[in-house]
Amino acid sequence: MLADPLIREKKFLKENQKELSDRFPGKYLLIKGEEVMGGFETYEQGVSEGAKLFGAGPFLVRSVLQPDDVESPSIPALSVGVPFIAHT
């Protein structure tokens with residue numbers, strides 16, 4: 001079983017939810033490590049910005065109101081309109 005690459009981000013969000021809810025009411029947060037990179041109106045906006053900043057690297061986009069939600073997995077290439085090409 002693979003380790004969760006976003007465990008640090010999820011822990012940070014859960015431990016700081018109250019403060020982050022006050023600071024970013026109702027937003028979707030883009031989190032890398034223990035830093036909030038921005039608050040967005042939609043999940044898609046957060047993923048798009050995360051893809052611009054971090055490429056295919058791991059980052060978390062999650063609603064500040066529901067830090068334990070299981071969201072669709074982030075696939076940055078698809079979020080910004082890059083088609084998936086399978087190599088054989």
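Residues passing the side chain to side chain contact (heavy atoms under 4.5 Å, CB included) test with P58, sequence neighbours excluded: P5, L6, K32. Take E15 and apply the side chain to side chain contact (heavy atoms under 4.5 Å, CB included) test, not counting sequence neighbours, and it matches K11.
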Q.
Could you go through S48 and K52, starting from their C-alpha distance and side-chain angles, then the distance that decides it, and tell me whether this counts as side chain to side chain contact (heavy atoms under 4.5 Å, CB included)?
A. CA-CA 6 Å; S48 180; K52 289 177 193 171; 4.0 Å; yes

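Under the 4.5 Å side-chain criterion, counting only non-hydrogen atoms from C-beta, F40 is not in contact with V47. A heavy-atom distance below 4.5 Å is not found between the side chains of R62 and I31. Between L53 and L30 the shortest side-chain heavy-atom distance falls below 4.5 Å.
Summarising the geometry, atom CZ belonging to F54 is positioned 4.0 Å from atom CE belonging to M37; distances are rounded to the nearest 0.5 Å. In this structure, Y28 OH and E44 CD are separated by 7.5 Å, a value rounded to the nearest 0.5 Å.
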If you look only at distance, which donor and acceptor atoms sit under 3.5 Å apart when one is on a side chain in residues 19-27 and the other is two or more places apart or in another chain?
{"residue": "S21", "atom": "OG", "partner": "Q17", "partner atom": "O", "Å": "2.9"}
{"residue": "D22", "atom": "OD1", "partner": "K18", "partner atom": "NZ", "Å": "3.1"}
{"residue": "D22", "atom": "OD2", "partner": "K18", "partner atom": "NZ", "Å": "3.0"}
{"residue": "K27", "atom": "NZ", "partner": "E41", "partner atom": "OE2", "Å": "2.0"}

